[in-house]
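The basis for the numbers below is simple: all heavy atoms, side chains too, and nothing from hydrogens, waters or symmetry mates.
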Amino acid sequence: MSSAAPRPADQDHLWSVDEHLEDILATVRPLEPIELQLLDAQGCVLVEDVTVPVSLPPFDNSSMDGYAVRVADVAGASEEFPAVLDVVGDVAAGQAELLHVGPGQAARIMTGAPLPPGAETVVPVEWTDGGLGEGPVSGMRARSLAPEGAAGHVHVYRPAEARAHVRAQGSDVRAGDRALDAGTVLGPPQIALLAAIGRGTVRVRPRPRVVVMSTGSELVQPDESLGTGQIYDSNSFALTAAARDAGAIAYRVGAVADDAETLRSTIEDQLVRADLMVTTGGVSVGAYDVVKEALSSVADEDEPGSGVDFRKLAMQPGKPQGFGSVGPDHTPLLALPGNPVSSYVSFELFVRPAIRRLMGLDDVHRTRTRATLTAKKALTSPKGRRQFLRGRYDDGRVSPVGGAGSHLVAALAQADALIVVPEDVESVEPGTEVEVVLLG
């Protein structure tokens, strides 16, 4: 991580959403590339173009189970007047020695097997009697059960054009082609392509390791009994899942009690496996806001811009935020508010882009679009704050979910978009076009 960007000296400065995000993205840097085995590289971002060393397929091969023949030998074939050919043997996938198909001959061929010398086309087995002499068949009998199928005669009931049912050498990719571009996220199809062209390892930026912890003495783990004044910890589960969804390897830490020394010790213990730390809760102005208490004085005097800066943002929900670096490696840390919806919205706006930046992606943002607002009444917003409301998006229309209450976790579960109400707009009438952040 680089040293943090210059920050306003005025502690009462009200940050805009864009200022806070720019500060994060100016500070967080992509992880250093490493060489990984293919399956370990899933979800990672390529750092170099990959070219094809060998054409795919590397030889002409059959796309059907059937018979390799010469075109002239099956010309005019029909069920009434079939072409009768001598079967000279089998050609199976992976077979090293190939048969030669001469005039009046056929080789029984399997899908993926090389087209043998002399053959010009492939007749599907369904167009033949399979060598049984009893009319068209639906398939071949297993060689172990009927080895005689590789010899004798076969009746062909339909003609075939030259190179029918033949996959040509290089028809997928050719040697020297670019298989994948730098910046590609490796999913299952890309892993398959790399394996197909013979690459066992690949150079990528690793998936960032994100440690998520919630704070609050009132928090109880799910499946435990609630005591007086206690609630279940949902934030650490939501944010860990969100970090994984963003592409990270995420670790969840159980809720930390409201004690500054305990929190500092827990963070120090977790730094060994963190490229990014995320906390939730304890960042506002209360007497028990432990994150703010514990991290306000962790700056390294020898490292300009280090430490955690707590600030107020012109947004709703999510006004209190913290950002900076901790530990000897200056691991970036984002401190989010504890309200479940505030925490999740903050993750989408700030943490997710940071994770994508660590991955080395150019586009770190969610898809944004415009949609027509469908609502029973106008949406109001506090003057001077950008508001993010939960919504459901459907075919160019968006409707708010769960009202304006930022504490409604059930409403968050129903939402697939955020409706953005700009800071310079006090209300948005139904039927108005609004900006929408798509969460899917």
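- Between Tyr393 and Ala371, the shortest heavy-atom distance links the atoms CE1-CB, 3.7 Å.
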One pair to check against side chain to side chain contact (heavy atoms under 4.5 Å, CB included): Ile267 and Leu295. What are the steps and the verdict? CA-CA 10 Å; Ile267 290 175; Leu295 300 181; 3.9 Å; yes
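- For the atom pair Asp65 CG and Thr111 OG1, the distance stands at 3.5 Å (nearest 0.5 Å).
- The backbone N or O of Val125 sits less than 3.5 Å from a side-chain atom of Thr128, completing a donor-acceptor pair.
- Counting non-hydrogen atoms of neighbouring residues, nucleotides and ligands closer than 6.0 angstrom, the CD atom of Glu433 exceeds 12 such neighbours.
- Using a 4.0 Å cut-off between a side-chain N of Lys or Arg and a carboxylate O of Asp or Glu, Arg163 and Asp60 qualify as a salt bridge.
- Partner Arg386 forms a side-chain contact (heavy atoms from CB on, under 4.5 Å) with one of Asp424, Val420, Leu349 and no other, that one being Val420.
- The closest side-chain heavy-atom distance from Leu186 to Gln42 is not below 4.5 Å.
- No side-chain heavy atom of Met110 sits under 4.5 Å from any side-chain heavy atom of Arg143.
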Given Asp329 and Leu271, is the side chain to side chain contact (heavy atoms under 4.5 Å, CB included) satisfied, shown in steps? CA-CA 9 Å; Asp329 295 326; Leu271 285 175; over 6 Å; no
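- Residues Val17 and Phe350 are in side-chain contact: their nearest non-hydrogen atoms beyond the backbone lie under 4.5 Å apart.
- When all heavy atoms of Ala164 and Thr121 are compared, the closest pair comes out as N-OG1, 3.2 Å.
- Across Pro353 and Phe347, no two heavy atoms sit closer than the pair CD-O, 4.2 Å.
- The shortest side-chain heavy-atom distance between His13 and Glu19 falls under the 4.5 Å cut-off.
- When the options Arg390, Arg366, Arg356 are evaluated for a salt bridge (charged side-chain N to carboxylate O under 4.0 Å, His left out) with Glu348, the one that passes is Arg366.
- Here the options are Val52, Ile197, Asp172, the test is side-chain contact (heavy atoms from CB on, under 4.5 Å), and the partner is Asp177; only Val52 passes.
- Put simply, the side chain of Gln95 gets close to the backbone of Asp90: a donor and an acceptor are under 3.5 Å apart.
- Between Ile109 atom CD1 and Leu115 atom CG the span is 5.5 Å, to the nearest 0.5 Å.
- Contact annotation: the side chain of Val351 approaches that of Leu276 to within less than 4.5 Å [non-hydrogen atoms, C-beta and beyond].
- More than 12 heavy atoms of other residues, nucleotides or ligands lie within 6.0 Å of CG in Asp181, so this atom counts as buried by the packing criterion.
- Side-chain atoms of Gln190 come within 3.5 Å of backbone N or O of Gly187 as a donor-acceptor pair.
- Remark: side-chain polar atoms of Ser63 are paired, donor with acceptor, to backbone N or O of His165 under 3.5 angstrom.
- A donor-acceptor contact shorter than 3.5 Å links the side chain of Asp363 to the backbone of His365.
- Closest approach of Ala68 to Ala119, counting heavy atoms only: CB-CB, 3.7 Å.
- Arg392 places no side-chain N or O within donor-acceptor distance of the main-chain N or O of Ser399, the cut-off being under 3.5 Å.
- No side-chain N or O of Gln169 forms a donor-acceptor pair with one of Ser55 less than 3.5 Å apart.
- Here the straight-line distance linking atom CD of Glu435 with atom CG of Leu418 works out to 10.5 Å at 0.5 Å rounding.
- The number of heavy atoms from other shown groups lying within 6.0 Å of CG (Leu226) is above 12.
- For the pair Ser217 (side chain) and Asp258 (backbone), a donor-acceptor distance under 3.5 Å is present.
- Annotation: the span from Leu193 atom CG to Leu180 atom CG amounts to 5.0 Å, rounded to 0.5 Å.
- Atom CZ in Phe237 sits 11.5 Å away from atom CG in Leu239 (nearest 0.5 Å).
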Trace of the side chain to side chain contact (heavy atoms under 4.5 Å, CB included) decision for Gln230 with Glu224: CA-CA 11 Å; Gln230 293 182 322; Glu224 295 182 5; over 6 Å; no
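- Arg205 places no side-chain N or O within donor-acceptor distance of the main-chain N or O of Val45, the cut-off being under 3.5 Å.
- There is a side-chain donor-acceptor pair under 3.5 Å between Gln321 and Ser346.
- Atom CD of Glu35 sits in a crowded spot, with more than 12 heavy atoms from other residues, nucleotides or ligands closer than 6.0 Å.
- At most 12 heavy atoms of other shown residues, nucleotides or ligands fall within 6.0 angstrom of atom CZ in Arg174.
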List the steps and the verdict of side chain to side chain contact (heavy atoms under 4.5 Å, CB included) for Val28 and Leu358. CA-CA 7 Å; Val28 175; Leu358 286 168; 3.5 Å; yes
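- Across all non-hydrogen atoms, the minimal contact from Pro116 to Ala107 is CG-CB, 4.4 Å.
- Remark: the backbone N or O of Arg178 is not paired with any side-chain donor or acceptor of Asp49 at under 3.5 angstrom.
- When atom types are taken as modelled, the side chain of Arg207 and the backbone of Ala248 share a donor-acceptor pair closer than 3.5 angstrom.
- Put simply, the side chain of Gln387 does not reach to within 4.5 Å of the side chain of Leu379, judged on heavy atoms.
- To the nearest 0.5 Å, atoms CE (Met213) and OG1 (Thr280) are separated by 11.5 Å.
- Between Val409 and Tyr344, every side-chain heavy-atom pair lies at or beyond the 4.5 Å cut-off.
- Side chain to side chain, Ser214 and Asp233 meet the donor-acceptor criterion of an N or O pair below 3.5 Å.
- Here the closest heavy-atom approach between residue Leu219 and residue Tyr232 is recorded as CD2-O, 4.3 Å.
- By the 4.5 Å heavy-atom criterion applied to side chains, Phe59 and Leu98 are not counted as neighbours.
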